[in-house]
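Down below is the structure, laid out as structure tokens.
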Amino acid sequence: MEYFWYIVAALGAGVGTGLAGLSAATVMVPILIVLCPSFGGEYGAYQATAIALASDILGSAVSSSVYARNKHIDLKHGWIMMACIISLSAVGSYAAYLVGNVVLGGFTLLLTFCIGIRFLIKPDTSKSGADASNVRLGWKEIVVSVFFGLTIGFGTGFVGTGGGMMMLVVFTAFLGYDLKTAVGTSTFIMTFTALIGFVSHSLIHPAIVLERWDVLLICIVTATAASLISAQFANRVNNKTVGRVTGVILTALGAAMIYLNYFQDVTLPPLALELLHTLAVLVVFLLIAVCAALCGFEFLHIDGEVRRKVLHTIAFLIILVMLLASEHWYVPALLSVLFVVVVYPVLKVCEKKRFYAGLFQERTPGEVRKSLVLLFGSSAALIALFWGVLDSELTVLSAVLAWGLGDETAALVGQRFGRHKLRWRLADGKKSCEGSGGMLCVSFLAVLLSLTAGGVSLPTAVCAALLGATAATATEAVTRKGYDTVTVPWVFAAVIWAVLTLWTP
């Protein structure tokens, strides 16, 4: 399941880079270290920072190209900082290797949180009546550029942060840049510092490339795509909107990352500690997923049924994230109930707002609220029974994964290729043979892969996957009015549990 966290970490890194000039390491390093056991050990954090730097190279490059096209890069006042940062980044990289297992600095995490608060209070950082590009670079600006350039440069190589947050502070607070120009200039500089940092890390510790090439590929591709889309979004809206969005992201992300990075040092009852840990992971995922979805809606012009399915996918992934991040059944079950309690009244209030109809594309009034209660209420009961009472966490994970992927496939394939409607007497007349076939194949593979990854023998996994996918596909075909969010995962779980319990090859 580590590959899931690789994608989540890379998405967060890309969104942070394109939208706020946030270096990939701020998001990626804590997630990889805390949630991916393979990044433990003496040089786990060193490898994580190298992967973050590699993700920053193309991510920052595509982001800066978007900002450049919109004339939001200013090196007239930033070239001194750029020269200082580049010159010291390799020195910091070598120092990090000598120290050993360097973890993302608490100062950087605290800075992320504080900068978020600052943008919430003052979303537009541009100075009224001033244009930084026409201001002469005086001795004060030179001193500031040299001091912070040398400091950020060393920190970039040592911690792998890319220096995005510090550059954002210097450009907005000391050099008078507006937010978009500050982000564009910092991402341009980060392209070169990340390249130098990654090359230095790789030469010093070649295992990063030789042993972690698969993680590198996943993170680079995902982060680059997310950076491009989020940068396009940032350049289409005004400075205040970018500032507010940046403030919300950095505040919540900074708080969650601080907790994730240091949660093991907090003295709390085990239940409270695990709840906070899972909640912090969930907050990070929600920020990443929602921002990526909104950027996609804006940049790719996604609407209609596809938009509905994107939001449906986020809901399914919320449950999956809670399961993966928890060690005991009662944590995801409790959080599922709390999610309904918190989000339901928010949706009730937002239904009266103008943006709501365009965002959720409801077929009937109150559909999203109803689906929320059905999905998360049913999931809480499913987790309590099959994981809590029957002690089969693997059953719940397989059922949720198969339902989520299978249902999405059925909808998308059915809408695009569904020319032959199901003719069963009990079947929903809107369902198609093509959509059901797609769900059967995808859910079969989902169950098979999840069970074999969990240590189940291949014959047992094939049997459970075949019977579960067949029964769930038939159930989805006859279920009406959106109740398949309840019936399908329960059928999956019942069949998978029965096979794992009763049948041994």
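Since we're looking at a predicted model, the values are computed, not measured.
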Exam field: side chain Ser186 to backbone Val183, donor-acceptor pair closer than 3.5 Å | yes
Test side-chain contact (heavy atoms from CB on, under 4.5 Å) applied to Ile314 and Leu317, step by step = CA-CA 5 Å; Ile314 292 176; Leu317 289 175; 5.7 Å; no
Would you say Val215 and Phe39 make side-chain contact, with heavy atoms under 4.5 Å?
-> yes
Has the side chain of Ser63 got a donor or acceptor atom that lies under 3.5 Å from a matching backbone atom of Ser60?
-> no
Are Lys71 and Lys180 side-chain neighbours, meaning at least one heavy-atom pair lies under 4.5 Å?
-> no
Is there side-chain contact between Leu195 and Phe192, with at least one heavy-atom pair below 4.5 Å?
-> no
Side chain proximity check, Trp5 to Val321, heavy atoms < 4.5 angstrom = yes
Do Phe4 and Leu401 come close enough that some side-chain heavy atom pair is under 4.5 Å?
-> no
For the atom pair OG1 (Thr313) and CG (Leu320), what is the distance rounded to the nearest 0.5 Å?
-> 11.5 Å
Leu397 CG to Trp387 CH2 distance, which is reported to the nearest 0.5 Å = 7.0 Å
Exactly one candidate in Thr181, Asn235, Thr187 meets side-chain hydrogen bond (donor to acceptor under 3.5 Å, both in side chains) with His72; the answer is Asn235
Full working for side-chain contact (heavy atoms from CB on, under 4.5 Å) between Glu327 and Glu393 | CA-CA 10 Å; Glu327 296 181 5; Glu393 178 186 3; over 6 Å; no
State which residues pass ring pair (Phe, Tyr, Trp, His ring centres under 6.0 Å) with Phe376; sequence neighbours excluded, sorted by chain then number.
-> Phe339
Any idea which heavy atoms bring Met439 and Ala410 closest together, and the distance?
-> CB-CB, 3.8 Å
For residues Leu466 and Leu448, determine if any side-chain heavy atom of one lies less than 4.5 Å from a side-chain heavy atom of the other.
-> no
Side chain proximity check, Ile319 to Leu323, heavy atoms < 4.5 angstrom | yes
To the nearest 0.5 Å, tell me how far Ile496 CD1 sits from Leu394 CG.
-> 8.0 Å
Look up atom OG in Ser436 and atom CG in Leu440, then write down how far apart they are to the nearest 0.5 Å.
-> 8.5 Å
Taking all atoms of both residues into account, what is the closest heavy-atom pair of Tyr67 and Ala234, and its distance?
-> OH-CB, 3.4 Å
Has the side chain of Thr278 got a donor or acceptor atom that lies under 3.5 Å from a matching backbone atom of Leu275?
-> no
Do Val488 and Phe492 have side-chain heavy atoms sitting under 4.5 Å apart?
-> yes
Can you sort out the partners of Ser55 under side chain to side chain donor-acceptor pair (under 3.5 Å), two or more places apart, ordered by chain and number?
-> none
Determine, step by step, whether Ser64 and Ile73 satisfy the side-chain contact (heavy atoms from CB on, under 4.5 Å) criterion, reporting the C-alpha distance in whole Å, the side-chain angles of both residues, the deciding distance to 0.1 Å, and the verdict.
-> CA-CA 8 Å; Ser64 61; Ile73 291 182; 4.0 Å; yes
Of the non-hydrogen atoms in Trp329 and Ile383, which two are nearest, and what is the gap between them?
-> O-CG2, 3.4 Å
Mind jotting down which residue pairs meet the side chain to side chain donor-acceptor pair (under 3.5 Å) criterion with at least one end in residues 208-228? Sequence neighbours excluded, please.
-> Tyr3-Asp214, Ser38-Arg212, Gln47-Arg212
Enter the distance from Leu58:CG to Leu228:CG here, rounded to the nearest 0.5 Å.
-> 11.0 Å
Identify the two heavy atoms, one from Val447 and one from Ala402, that lie closest to each other, and give their separation to 0.1 Å.
-> CG2-CB, 3.5 Å
Rounded to the nearest 0.5 Å, how far does OH of Tyr6 lie from SG of Cys219?
-> 8.0 Å
Nearest heavy-atom pair of Asp56 and Ala194: which atoms, and what distance?
-> CB-CB, 3.5 Å
Take Val331 and Met322, measure what side-chain contact (heavy atoms from CB on, under 4.5 Å) needs, and give me the verdict at the end.
-> CA-CA 8 Å; Val331 172; Met322 290 191 295; over 6 Å; no
If you look at every heavy atom in Phe198 and Val209, which pair is closest and at what distance?
-> CZ-CG2, 4.1 Å
